[in-house]
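Quick notes on the structure that follows.
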Amino acid sequence: MEEKTLDNFFFKKRAQSVLVLSLLIVISYGSILITEFDVIKGLNSIPNAIIWGVTNFYPTRESLEKLPSILAKLQETILISIAAASVASVFAIVFAIFGSKTTKVNGILSTISRGIATLFRNIDVAAWAMILLFSFGQSSLTGYFALFFVSFGFLTRAFMETIDEIGVQAVEALTSTGANYTSVIIHSVIPSSIPQILSWVLFMIETNIRSATLVGILTGTGIGFSFDLFYKSLNYNAASLVVLTIIGIILTIEFISNYVRRVIL
């Protein structure tokens with residue numbers, strides 16, 4: 001009986017796998033037909049792309065002369081990314097406290113907080129940059145606000161889930177002793193959430209540095225502008241140097257943030 005049950009279980013698993021695979025094949029084939037994508041031509045272009053990258057996209061001695069200006073732009077990008085994530089986290093913690101099921105003041109304020117977080121989180125950073133270009137033009141302020149709005153939406157949602165994980169029991173325990181709402185937040189909610197909150201802020205800084213490259217291309221600022229300028233002027237050697245510096249700083253920031261997470265969590 002038990003063996004028959006196991007056979008039925010594995011049969012259902014295999015059937016589900018075949019069904020999912022068949023569905024993916026149908027969707028892929030349908031997409032190829034709709035977009036008129038030439039699969040053979042696409043596969044044949046891969047070797048040519050690799051050859052072009054190896055022969056053109058690498059730093060040279062002349063491109064290294066531009067390294068100081070590239071590093072200056074990279075520094076600007078890093079500072080904007082950190083500032084956007086840090087300031088957004090302050091606003092996010094307030095909205096998260098009001099929106100969390102554990103610490104909400106009332107249902108209306110909680111719904112408003114969650115709605116604002118959802119709105120800001122689901123608008124892409126590139127869309128924010130394009131919208132803000134009409135108000136602030138091509139400036140660092142445009143890039144800062146684009147990163148700030150996305151960071152605010154993401155962190156608010158992340159902080160809400162972090163606070164909800166604390167559980168109502170800890171809040172009710174303090175409330176039963178006569179502690180008011182402010183005391184519960186200061187002495188229970190924030191201390192319990194702070195390690196995870198810091199982890200989310202570090203993650204957001206990493207994400208902002210990646211997004212800032214695209215934002216810089218759109219707003220004409222930071223390291224993204226340097227890459228766009230070199231690439232459009234066909235100076236691929238300098239453009240490759242920009243890419244390498246971006247990769248280097250992202251790996252460095254990720255290493256630092258992972259180390260900090262291990263310490264605080």
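Keep in mind the model is a prediction, meaning the values are calculated, not measured.
In the hydrophobic clustering of ILVMFWY residues, with side-chain heavy atoms under 4.5 Å counting as a link, Val215 and Ile209 come out apart. A single hydrophobic cluster is not seen to contain both Ile217 and Met130; linkage of ILVMFWY side chains at heavy-atom distances under 4.5 Å, directly or through other members, places them apart. Residues Phe120 and Phe203 fall into different hydrophobic clusters, defined by Ile, Leu, Val, Met, Phe, Trp and Tyr side chains chained together at heavy-atom separations under 4.5 Å. No single ILVMFWY cluster, assembled from side-chain heavy atoms under 4.5 Å apart, contains both Ile108 and Ile97. Val125 and Leu218 fall into different hydrophobic clusters, where Ile, Leu, Val, Met, Phe, Trp and Tyr are joined by side-chain heavy atoms under 4.5 Å apart, directly or via other members.
Just one of Leu71, Ile78, Leu79 meets the side chain to side chain contact (heavy atoms under 4.5 Å, CB included) condition when paired with Gln75; it is Leu79. The only option from Ile25, Val18, Leu19 that meets the side chain to side chain contact (heavy atoms under 4.5 Å, CB included) definition with Leu21 turns out to be Ile25.
To the nearest 0.5 Å, atom CD1 of residue Ile256 and atom CD of residue Glu206 are 10.0 Å apart. One distance of note links CZ of Arg210 with CD1 of Ile246; it measures 11.5 Å at 0.5 Å rounding. To the nearest 0.5 Å, atom CG of residue Leu141 and atom CD1 of residue Ile80 are 9.0 Å apart. Taking CD1 of Ile82 as the start and CG of Leu202 as the end, the distance is 10.0 Å to the nearest 0.5 Å. Within the model, atoms OG of Ser28 and CG of Leu23 stand 9.0 Å from one another, a figure rounded to the nearest 0.5 Å. Separation of atoms OG1 (Thr207) and CD1 (Ile250) is listed at 9.5 Å; rounding is to 0.5 Å.
With a 4.5 Å cut-off on side-chain heavy atoms, Met204 and Ser89 do not count as touching. Leu251 is not listed as a side-chain neighbour of Phe255, based on a closest heavy-atom distance of 4.5 Å or more. For the pair Val242/Lys73, no side-chain contact is recorded, criterion being any heavy-atom separation below 4.5 Å from C-beta on. Contact of the Asn237 side chain with the Asn235 side chain is registered, since non-hydrogen atoms from C-beta on lie closer than 4.5 Å.
The ring-ring contact (aromatic ring centres under 6.0 Å, His included) test applied to Phe136 returns Phe145, not counting sequence neighbours.
Shown here for Ala238 and Ile70, the closest heavy-atom pair between the two residues is O-CD1, 4.2 Å. Taking each heavy atom of Leu74 and Ile249 in turn, the nearest pair found is CD1-CG2, 3.9 Å. Taking all atoms of both residues into account, the shortest heavy-atom contact from Ile205 to Ala85 is CG1-CB, 3.6 Å. Residues Ser81 and Ala212 approach most closely at OG-CB, 3.7 Å, considering heavy atoms. Across all their heavy atoms, Ser100 and Arg114 have their closest contact at CA-NH2, 4.3 Å. The two residues Thr77 and Gly222 make their nearest non-hydrogen contact at OG1-CA, 3.4 Å.
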Throw together a table of side-chain donor-acceptor distances under 3.5 angstrom for residues 224-233, partners on residues two or more places apart or in other chains.
unit_1, atom_1, unit_2, atom_2, d
Asp228, OD2, Lys232, NZ, 3.3
Ser233, OG, Leu229, O, 2.9
Ser233, OG, Phe230, O, 3.0

May I have the list of side-chain donor-acceptor pairs in residues 146-163 shorter than 3.5 Å, sequence neighbours left out?
unit_1, atom_1, unit_2, atom_2, d
Ser151, OG, Leu147, O, 2.7
Ser151, OG, Asn208, OD1, 3.2
Ser151, OG, Asn208, ND2, 2.9
Thr156, OG1, Phe152, O, 2.6
Thr162, OG1, Ala158, O, 2.9
Thr162, OG1, Trp200, NE1, 3.4

Practice item. Determine, step by step, whether Leu67 and Thr245 satisfy the side chain to side chain contact (heavy atoms under 4.5 Å, CB included) criterion, reporting the C-alpha distance in whole Å, the side-chain angles of both residues, the deciding distance to 0.1 Å, and the verdict. Key: CA-CA 9 Å; Leu67 186 59; Thr245 57; 4.1 Å; yes

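Atom CG of Leu33 has more than 12 heavy atoms from other residues, nucleotides or ligands within 6.0 Å.
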